[in-house]
Protein chains: 2
Amino acid sequence: MLVMAAKLAAEPAYTRLPVDERRRLLLDAGAKLFAQHSYEEISMRQIAQAAGVSKPLLYHYFPSKNDLFLAAVTEAASELQGLIQPAAGGTPVEQLTASLDAYLGWIEDNGRTWAKLMQSAAVLPEAHQLVEGFRVGTMELVLAELTGKRKPRPALRTAIRGWLGYMDAAILDWTQARDLPREELRDLLLAAFVGALLAAQQVDPKIKLNLG
Amino acid sequence: MLVMAAKLAAEPAYTRLPVDERRRLLLDAGAKLFAQHSYEEISMRQIAQAAGVSKPLLYHYFPSKNDLFLAAVTEAASELQGLIQPAAGGTPVEQLTASLDAYLGWIEDNGRTWAKLMQSAAVLPEAHQLVEGFRVGTMELVLAELTGKRKPRPALRTAIRGWLGYMDAAILDWTQARDLPREELRDLLLAAFVGALLAAQQVDPKIKLNLG
DNA sequence: CATGTTAATTGATCGCCGGTCAATAGCTTA
DNA sequence: TAAGCTATTGACCGGCGATCAATTAACATG
C-alpha cells in the first residue's frame, strides 16, 4: 500500500528535455566553469554536477572533454569575431586601432575568461589552432592592404607572429598590473606593430610596405 | 630442496645504490623524457620504468611529479643561465646581442626540448614563474644601464614584457618554419627590442632612455 | 663470521580522472 | 492503452598521481 502510494506520488526519476535545450544547458555550464578555471582544473564530473545531470549524459551530448571545451571556445571566439571585425573603410592603421579597441574592451569586461582561455589554449593543440587561425584571418585583412596580396617574406611573417606574442604578453601584464589606461595600451600595441614592421624591413630590405 | 637451492643462488631482489647516484639516475631519466614530450604526456610510471625502478621509489626521491619536473627545469635553466649571462663590458645593445646569440644557438641545438619546455611552463605556475624570473633577471641587467636603477614606468614594463612575448612567438615560428638564418632572426629581435622601447617612449614621453 | 640496525626498495592499494556499457524510464504516437 | 524510441542513469574500466606497510640489501658492531 505504502509502496504503491509512494510510487503513484513519486516524482519522475529524471526530467527529459528537448535535445537543443539540454545541449544549451550543458554547454553553458561547461563554458561558465572553463571561464573561471583552466582546462585541467575542471572535471567532466564537476560539469555534469553543475548542470544537475549524470556524467554519461554529458558524454551523450559531447563525445569528449576536448569536444566540449572546443565547442565553448568556438562560441566565445565567434562572439569576439563579431566585435573585432575591422570596418570596411579607413587606412590599415585605423582598422587596426578600431579592432584593438574592441578587443581590449572585451578583455576589460572578461579578464579572467581571457586569461584562462589563453592558458588552456597553450596546451590543447586544436584550441590553439582555432585561436591562431582566428587571429591570422584578422591579420591577413590588415596585411593585404599593407603589403599587397603577395605571399609575405619569412622575416615579415615571423615579425607578425612575434607581434601577436607581444600583444598577448602585454595584455597579460596589463590585466595583472592594472596601472595603464586602456588607450595607452592600445597606442603602445599600435606603435609596437609599426615598430615590428619597420624592424622586419630593416632586416630584409626587399620587404615593401605602404603605410598610411 | 629446489627452493633452497634457488634461494641460495638467487640474485638480490634489487640493487641498492648510494643516494646521490640514485637521485641523479632518476632526475636524468625524467629530464630526458620531459625534453621529448610534454608534462602531461609523461607518467611517473613511465619515468620509473625508464629508470628500471618502482614507482614508489621515484616518489621516495621526488615527493611529487611537480617536484621532479621543477628539478629538471631548474637544472636546464641554470645551464642556460651560464650561456646567456651577458658579458661585463660593452653597450647594452652589444650585451643583448651576445646573449641572444647564445640563446638562439642553444635552441638551435635543443629545439624540441625548448618547445616542450615552453608548452609545459604555460600550464605549471611554478615552472612559469621560474622561467619568467630567469628572464626578468637577465632583462634587469640590460635595463639597469638603459634606464638607470629607478623603477621603470608602467608603459616601459609592459613594453618589455611584451617584447619577451614577441621573442617567444618569433622563436617558435622560426623553429617551425626554418626559413630564416639565425643571424637574421637575432637582428629582427634586436630591432624589435629597440622598436618596443621607442614605442613605450612615444606613448609615455617621461620615459628616459640612454641608448648606445 | 654472526648478528642487529637502518633505510632503500617494493607490491598492493586508494581516490579520482576521462570514458564506456547495458539497463531504465520518460515522452510520443498509433 | 500499448509499443517504440531515446534521453537518462548506475555501475564499471584502465590509468593516473600518490601513499602505506612490509621486505631486504648493505653496513656497523660483537
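Chain letters run A, B, ... following the sequence lines, proteins first, then strands; residues in each count from 1.
One finds no side-chain N or O of B:His60 lying less than 4.0 angstrom from the OP1 or OP2 phosphate oxygen of C:dT9. For the pair B:Arg22 and C:dT9, the criterion of a side-chain N or O lying under 4.0 Å from OP1 or OP2 is met. Checking the phosphate oxygens (OP1, OP2) of C:dT9, no side-chain nitrogen or oxygen of B:Ser54 falls inside 4.0 Å.
Ranked by how close their nearest DNA chain C nucleotide is to the 5' end, B:Ala13 and A:Tyr14 are led by B:Ala13. For B:Ser64 and A:Tyr61, each mapped to the nucleotide of DNA chain D holding its nearest heavy atom, the one lying further toward the 5' end belongs to A:Tyr61. Remark on DNA chain D: of its neighbouring residues A:Val53 and B:Arg16, the 5'-side contact belongs to A:Val53, judged by nearest-heavy-atom nucleotide.
Atom CD in B:Gln49 sits roughly 12 Å away from atom P in D:dG15 (whole-Å rounding). Atom CZ in B:Arg23 sits roughly 13 Å away from atom P in C:dT9 (whole-Å rounding). Atoms CG (A:Leu124) and P (C:dG18) sit 12 Å apart, rounded to a whole Å. One interatomic measurement links the two molecules: CG of A:Asp20 to C1' of D:dA7, which rounds to 13 Å at whole-angstrom precision. Atom CG in A:Leu26 sits roughly 12 Å away from atom C1' in D:dA7 (whole-Å rounding). The nearest whole Å value for the distance from the CG atom in B:Leu58 to the P atom in C:dA8 is 15 Å. Following rounding to the nearest Å, B:Lys65 (NZ) and D:dC16 (P) show an atom-to-atom distance of 9 Å. Rounding to whole angstrom units, CG of residue A:Leu70 and P of C:dG18 are separated by 15 Å.
Side-chain proximity of B:Arg45 to the nucleotides D:dA11, D:dT19, D:dC16 is greatest for D:dC16. Distances were taken from every side-chain heavy atom of B:Ser43 (C-beta onward) to each of C:dG19, D:dC16, C:dT9; the shortest belongs to D:dC16.
A distance of 8.0 Å separates CD of B:Glu41 from OG of B:Ser120, quoted to the nearest 0.5 Å.
Panel note: side chain A:Asp173, backbone A:Ala169; no donor-acceptor pair is recorded below 3.5 Å.
Exactly one of B:Trp114, B:Trp174, B:Tyr103 qualifies for a side chain to side chain contact (heavy atoms under 4.5 Å, CB included) with B:Glu108. That residue is B:Trp174.
Figure legend: cation-pi geometry between A:Lys65 and A:Tyr39, with NZ or CZ positioned under 6.0 Å from the six-membered ring centre and within 45° of its axis.
When heavy atoms are screened at a 4.0 angstrom cut-off, A:Leu68 is found touching no nucleic acid atom at all. Counting any heavy atom pair closer than 4.0 Å across all strands shown, B:Ile42 reaches sugar-phosphate atoms only and no base atom.
Using a cutoff of 4.0 Å between basic side-chain nitrogens and carboxylate oxygens, A:Arg186 and A:Glu183 are not scored as salt-bridged.
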